[in-house]
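Everything below concerns the one structure shown next.
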Protein chains: 2
Amino acid sequence: MEGENPPIQDIQPWKAIDTVYTNEKAGMDSVDKDLIKRVIYEASKDSNFFKKDEEKRKQTNERIARLKEKLAKVTEDEMKRYHATVRDSIRSAERERHLSRIWIHVDMDAFFASVEELDDPSLKSVPMAVGSIGMISTANYIARRFGVRSAMPGFIGKQLCPQLALVKPNFRRYKEKSEETKEVFRIFDPDFESGGLDEAYLDCTAFASVHGISGEEIAEQIRNLVMEKTKLTCSCGVACNKMLAKICSDKNKPNGQFFLSPNIAAIKAFVKDLPVRKIPGVGCVTEQLLNGFGINTCGDVIKNAHVIAAVFTPLTLSFLLTSSLGISTAFHGKKPAPGELSRKGISCEHTFTAKEDENTLLQMVGSLAHELSAAMASESIEGLTVTVKLKLSDFTVRTRSLTLLSPISDPESISRIASKMLRKEFPVKLRLLGIRMSGLSPIANANGKPKGNSKGS
Amino acid sequence: MEGENPPIQDIQPWKAIDTVYTNEKAGMDSVDKDLIKRVIYEASKDSNFFKKDEEKRKQTNERIARLKEKLAKVTEDEMKRYHATVRDSIRSAERERHLSRIWIHVDMDAFFASVEELDDPSLKSVPMAVGSIGMISTANYIARRFGVRSAMPGFIGKQLCPQLALVKPNFRRYKEKSEETKEVFRIFDPDFESGGLDEAYLDCTAFASVHGISGEEIAEQIRNLVMEKTKLTCSCGVACNKMLAKICSDKNKPNGQFFLSPNIAAIKAFVKDLPVRKIPGVGCVTEQLLNGFGINTCGDVIKNAHVIAAVFTPLTLSFLLTSSLGISTAFHGKKPAPGELSRKGISCEHTFTAKEDENTLLQMVGSLAHELSAAMASESIEGLTVTVKLKLSDFTVRTRSLTLLSPISDPESISRIASKMLRKEFPVKLRLLGIRMSGLSPIANANGKPKGNSKGS
DNA sequence: ATACATACC
DNA sequence: TACTGGTATGTAT
DNA sequence: ATACATACC
DNA sequence: TACTGGTATGTAT
């Protein structure tokens, strides 16, 4: 390592800024990409956000270093046993492989942005994003060509594309349109599982067999009906399990579909060079960790599973292995028993320009408590555990929680408890305050209409 | 409930004493059984043990009452959803049903007692039990006819059968004989799983297919070879999974075998009237709880699964349902990865006549610490967590634990920490003291030979 | 139970 | 000037 | 992590 | 006179 030339990053630091925003799809040549990286870097480099981000990446690298040390200490003998563990895991994963189910993952194209375009067609011809100067939810396809993406702050989007139109989100409207899509989904699978406003998983096995049609034909029908109903386009993935369907729905986006043939050879070929980051559940950090061990694709995961076994948790091994083999849930998950509410927590948080005045912060907690309490009332639920979330001005996150003896939902109780926890943290300079209630149960009160069920077991 | 005659138990209290000892096998007529119950009752009724036992049973009954209240509050609507949950659970359990594996559970007959008879044939003709006046491990079949059973204290055994010969256990010898049996088991399944000195689970699928013989034939061979090798008899259960094999090995005990045909009809018939207590994992308490809801057999579990869903934990539901359907593990469990030691804890405890002198108790902790440390040294392991176990003179059990920053194994450290925890409990009158170490890792020291592996993940 | 990290939309 | 808000889940203690 | 309960041999 | 000892696992907090 010593005596080498300084790495390129020291001279063109933005080239190393391979953040969330830049590691996606094709469609731009490398000059464009380079420019985009540079703009993002310049816009970010002095912010606390950027510092925190770098710190995290550094810590992950240190974690990689520690794991590598651990790996180095593994004896040959132990490694043999890790290989055996891997063989075991693969064998038991394979028992969960189901090829005979037809899953379709439907993903609305640039959903929020498309709804806005629908409601104001003039937006169709300009680069546009739904969100605020602080944060973008979705960008339309024109804006994406400038490098504007979701989860990017609006001010960076503006720097990438000064003409960018920022449209304030209108969630009520998106919900409406989402309900329209659901009417379509129900036709094909009354039990479809939705994953947010803009996507859903449908088990179309029964529909296909009853109507004697293929998954691909069903996907066509879904896309047609969704268009008819909502005037919006969506993309579909057709495969034999949820994960594969989800990955497939991204393949021919927008307004397309992709069918993965339900046979092992096709699945293995599909998965072989798939970047691990495509596995739902593998985010930036896990990707960085795996890359640190030279594991970039699902094929690499299989080849190096013994390394993963040596260095990660058994659950992580099993998850990565299963996913990389193209295996995942092929049946609908159990719906929550009446024992449980389907929701496990409810929360409310706000970001603001960093503040340290104690009274101001305490007042904000009070108002959060009222907001949260109102949300709880509207579902007739109460909760046992109060968690306060603080984000310091340097983006460090802290949580403090307290579990009570009996559940509460009134704003006064929530406020009192949250304030007490906040006070213990003073002095602090905060950019975010949040309150969350968990351990939820329906309110069994006089005339309330509990929409949920009594806490189970 | 009011105005009824006093229940029979008030007059003949021993009839209600349906404890561990009396609710087993046939072979005695009801007069005998009644006599046995009465003797046991008379021998027990004034002891602290008996009081604690009654207290626990009472608490379980209160728990049943509470669960029934909860059940009563379940609305029709909720109950419908519990039914749906059950349907879901059954569907997913059925996906785990494997009929094509051949499992054999081998259970040595009255193992310790039989070894003693082998070494001293004069014991064959008299009622005999291995154990002490305080506790019996195993009784031979002659003694069993008097009602003497394992887990019964020797003094009660003597009251049931004054001629009872009590033989002191010789574990080294049993281990030797157990190793002999294992040599046999390895022939049929090199990966067999042992469950204590006297039983094992063998997956004989491969052996059967390689040698073109049936499970029943293999069981014959196992029994012959075990007899040849050890001069001891054993019993075998042959079925398509571990649980069923285990239950089957009990069917024709001693010196017999039982084959359960691997088809759903046969399994359903087998399981229908099987008492829940036969399910390995369902002990006295769960049995009592289930009986409290009128659930006595596996058939009842299936019929009343919605009740179980409403009242027990999802895991318990799934376990009881799966078991009652005759489904269980059909493949060898993963062996511990080199990441882990196969052992998760190591402990040492002693019972004595109740003491409250603090110095005496502290000295006892010191000697336990030395014992434990020696056991750990012999395996070259150390541990992070120290747990002290106390049993008060009234049989109440208390545990206190502390997790350290770095692992220990030397007697001084263990003793120091355990004593500190004990002192906090003073004053107490104890009949048992124990120490356990967990969070184990191999000692990576100079010339030690770690038999295990470094702590994982 | 508490605290924190990761992930997804 | 300026990097969300809501939820679930995993991991460690 | 801590405490306690259940289960098995 | 007198009701074990060792281990794993689940549940709750």
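Note on naming: letters A, B, ... go to the chains in the order of the sequence lines (proteins, then strands), and numbering restarts at 1 for each one.
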Go through [options] for me and flag the one nearest to the [X] side chain.
X        : options              : value
B:Lys246 : D:dA8, D:dG6, E:dC8  : E:dC8
A:Arg398 : C:dC9, C:dC4, D:dT11 : C:dC4
A:Arg63  : E:dT2, C:dA3, C:dT6  : C:dT6
B:His350 : F:dG5, F:dT7, E:dT2  : F:dG5
B:Thr316 : F:dT11, D:dG6, E:dC8 : F:dT11
B:Ile133 : E:dA3, F:dA2, E:dC9  : F:dA2
B:Arg400 : E:dT6, F:dG6, E:dC4  : E:dC4
A:Val285 : C:dA7, E:dA7, D:dT7  : C:dA7

Practice task
Nearest-nucleotide wise, let me know which of A:Thr385 and A:Glu199 is further upstream toward the 5' end of DNA chain C.
Solution key: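 Looking at the nearest nucleotide for each, A:Thr385 comes out on the 5' side.
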Handout entry: 5' precedence on DNA chain C between A:Leu384 and A:Val282 (nearest-nucleotide basis)
Key = A:Leu384
Would you please confirm or rule out a distance under 4.0 Å between OP1 or OP2 of [N] and any side-chain N or O of [X]?
X        : N      : answer
B:Thr138 : E:dC9  : no
A:Thr403 : F:dT13 : no
A:Arg436 : C:dC4  : no

Exercise for the section: Please work out whether the ring planes of A:Phe112 and A:Phe171 are parallel, tilted or perpendicular, with thresholds of 30° and 60°. Expected result: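 Rings of A:Phe112 and A:Phe171: perpendicular, as their planes differ by over 60°.
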Practice task
For B:Asp109 and E:dC9, give me the distance from atom CG to atom P, rounded to whole Å.
Solution key: 14 Å
Practice task
May I have the distance from A:Arg343 (atom CZ) to D:dA8 (atom C1'), rounded to whole angstrom?
Solution key: 12 Å
Practice task
Indicate, with a heavy-atom threshold strictly under 4.0 Å, whether B:Ile136 touches base, sugar-phosphate, or nothing.
Solution key: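 Nothing, no nucleic acid heavy atom in range.
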